Amino acid sequence: MRLKDFFIPTQREIPSEAEVISHNLMLRAGFIMQVAAGIYNYLPAGLKIIRNVENIVRQCMNEAGAIELLMPSVIPSELWKESGRWSKYGKELLRIKDRHNREFCFGPTHEEVITDIVRKYIKSYKQLPINLYQIQTKFRDEIRPRFGLMRCREFIMKDAYSFDIDEEQCKLSYKKMFDAYCKIFDRMGLVYKVVEADTGAIGGNVSHEFMVIADTGEDTIIYCEACGYAANLEKAAVKYIEISEQKDREMPLEKVITPQMKTVKDVAVYLNVDESKVVKTLILKCGEKFYALLIRGDYELNLIKLKNTITGEMPEFATADEIKKITSGPMGFSGPIGLKIPIYADYSIKGLINFVTGANEKDGHFKNVNLGRDFEVCGFYDLRNAVEGDICINCGAAYKSAKGIEVGHIFMLGTKYSESMGAYFRDANGSLKPFIMGCYGIGIGRIVAASIEQNHDEKGIIWPIQISPFEVIIIPVNTNDPYVIEYSNRLYNSLKKLDIRVLIDDREERAGVKFNDADLVGYPIRVNIGKKSLENNELEVIIRKSNIMTKVNVEDAADTINTVICELKK
Ligand code: ATP
Ligand code: MG
């Protein structure tokens with residue numbers, strides 16, 4: 001491709017809307033342009049990158065035996081009503097009406113549509129297993145679209161769905177996808193961790209996320225270097241460790257005035273105690289029911305764990321008015337003593353003595369509160385987020401934590417969709433059985449962003465060669481020298497003959513501008529062809545990643561570049 005005939009609108013200015021480096025660089029390199037919040041144009045070079053990622057994904061999916069199809073983006077509400085998700089999915093689901101006032105949604109995920117296909121065409125165990133996938137534009141009306149392609153509202157996803165006769169077979173399908181995902185992310189040169197995950201709104205019972213390690217990641221990963229356990233924060237289990245505080249040291253309950261002290265930190269400083277001695281009382285509601293949750297002041301409540309162990313449905317924090325009604329005190333001063341709603345406690349409270357809690361009145365706290373003597377709880381559970389240094393649930397070593405970007409997610413769904421949507425097949429004995437399903441997603445655009453987060457320097461992007469919009473850029477340094485132009489064209493043609501994805505910067509620009517653009521866009525190999533070096537029968541080959549420049553004889557240039565490409569692909 002000749003740059004004059006192509007379109008890469010690189011920008012000099014720093015885009016003010018970009019909070020993370022990948023977003024900044026994608027805008028400056030002329031890959032994407034925002035149309036509305038979380039909705040982007042993919043400009044030509046950006047599209048090439050997207051297609052390269054898609055093709056790696058496609059190849060690995062095909063190799064794993066999955067079959068590509070394409071479903072519509074706009075889905076009639078009837079299918080979503082069958083699964084029950086029309087009323088449950090919430091505001092992320094973009095609901096639209098056609099001219100006949102019929103309801104549709106713009107698909108955020110396609111379990112319903114694929115189940116509808118399979119229930120129509122697959123009737124016998126002989127047609128199973130099957131795994132169908134698509135690479136398609138999704139829409140989720142994210143509450144906070146940000147970070148460019150990392151969290152947008154319209155985005156491209158690869159989603160695959162497996163159908164099996166039983167759990168055993170489903171495990172095999174799941175394993176195949178697990179392995180395919182590892183292959184995909186390995187081929188893209190990403191540094192990632194596979195973590196156990198909660199199954200959330202999609203449903204099911206087993207799930208793993210593929211996390212690209214990056215400081216800008218929105219997810220927290222908890223992992224153990226000793227045994228390999230890794231889980232996301234929602235899921236990471238906290239081991240109960242007995243505290244050996246002495247019961248006989250219990251002190252008399254004391255009410256203290258804590259004017260305007262609403263936060264744990266304020267109270268701890270004011271009363272001169274450690275934050276771990278201040279117990280938070282959180283009032284939550286689930287439907288019509290209210291719960292009080294006790295957790296040590298220095299820990300965070302984990303709503304997913306609360307849902308999975310106690311409430312069943314996703315709980316919400318009670319409003320100030322509701323808190324007033326239930327505790328008779330204002331928000332920020334709740335405590336367990338005298339409460340009439342069920343009280344549950346995190347393990348961190350078990351064995352704790354002489355702690356501080358709210359007194360359910362304005363500016364009031366209790367000191368020397370003791371469980372059993374002053375109040376009772378319904379039970380102790382693991383209800384908090386794990387933190388670095390916690391004891392590993394498997395092996396007893398200390399957890400570490402890291403930030404990650406979720407690029408892929410796989411689930412074992414069980415029969416959630418097949419049962420609710422009446423998708424059955426006949427097994428070998430002729431009985432009707434629901435399909436056992438799995439689903440497997442990869443965010444194509446998010447991979448691009450994650451790759452940049454891991455591969456850049458102060459000059460710009462450093463593409464892994466597999467993803468780069470072009471493998472090589474040729475820069476004729478002196479555009480007014482006919483020999484430079486002639487030789488640049490000759491090399492360009494030789495590389496094209498070798499099927500190398502090559503771009504020639506034939507713009508009438510200063511060499512410095514071209515070099516800066518090349519570094520910004522991030523081509524793995526740059527070839528400088530200048531008048532001076534040509535006089536010595538040489539040209540310069542620069543590897544973007546290592547910044548190593550080699551002088552190469554013009555006769556050997558094409559072959560040498562080809563060899564370098566093979567090396568970079570390894
Ligand atoms: P998240 O927790 O980040 O919102 P999710 O759990 O909702 O992700 P899935 O439903 O598992 O995501 O979707 C599969 C994949 O699609 C994710 O692993 C991610 O790579 C990608 N993805 C999801 N939401 C977005 C988004 N808003 N923008 C870009 N990619 C996304
Ligand atoms: Mg999401």
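Small disclaimer: the values here were computed from a predicted structure and weren't measured. In each ligand, atom 1 is the first atom listed, and ligand 1 is the first ligand listed. Because only heavy atoms are used, hydrogens play no part in the values below, and waters and symmetry mates are left out as well, while side chains stay in.
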With a 4.0 Å cut-off, would you call Asp179 and Lys175 a salt bridge? yes
Looking at Lys81 and Glu103, does any basic side-chain N land under 4.0 Å from a carboxylate oxygen? yes
Before giving the answer on salt bridge (charged side-chain N to carboxylate O under 4.0 Å, His left out), spell out for Lys280 and Glu275 the whole-Å C-alpha distance, their side-chain angles and the decisive distance to 0.1 Å. CA-CA 10 Å; Lys280 292 188 270 199; Glu275 282 181 36; over 6 Å; no
With heavy atoms of [X] as the reference, note each atom of ligand 1 found under 4.0 Å away.
X	value
Glu142	24 (N), 26 (C), 27 (N)
Leu149	29 (C)
Gly408	18 (O)

Any heavy atom of Gly445 sitting closer than 4.0 Å to ligand 1? no
Can a non-hydrogen atom of Met150 be found less than 4.0 Å from any atom of ligand 1? yes
Side chain or backbone of Arg151 under 4.0 Å from ligand 1, or both, or neither, by non-hydrogen atoms? both
Indicate, as side chain, backbone, both or neither, the part of Arg446 found under 4.0 angstrom from ligand 1 when only non-hydrogen atoms are considered. side chain
Tell me yes or no: between the side chains of Asn55 and Arg51, is some donor less than 3.5 Å from an acceptor? no
Does the ring center of [X] lie less than 6.0 Å from the ring center of [Y]?
X	Y	answer
Tyr523	Trp463	no
His208	Phe178	yes
Tyr192	Tyr181	no

Can you find an N/O atom of [X] closer than 3.5 Å to an N/O atom of ligand 1?
X	result
Val407	yes
Phe411	no
Gly443	yes
Asp219	no
Glu209	no

Is the shortest heavy-atom distance from the side chain of Trp80 to the side chain of Cys105 under 4.5 Å? yes
Is there side-chain contact between Ile122 and Phe435, with heavy atoms separated by less than 4.5 Å? yes
Quick one: which of Arg144, Arg153, Glu218, Arg140 has a heavy atom closest to atom 23 (C) of ligand 1? Arg140
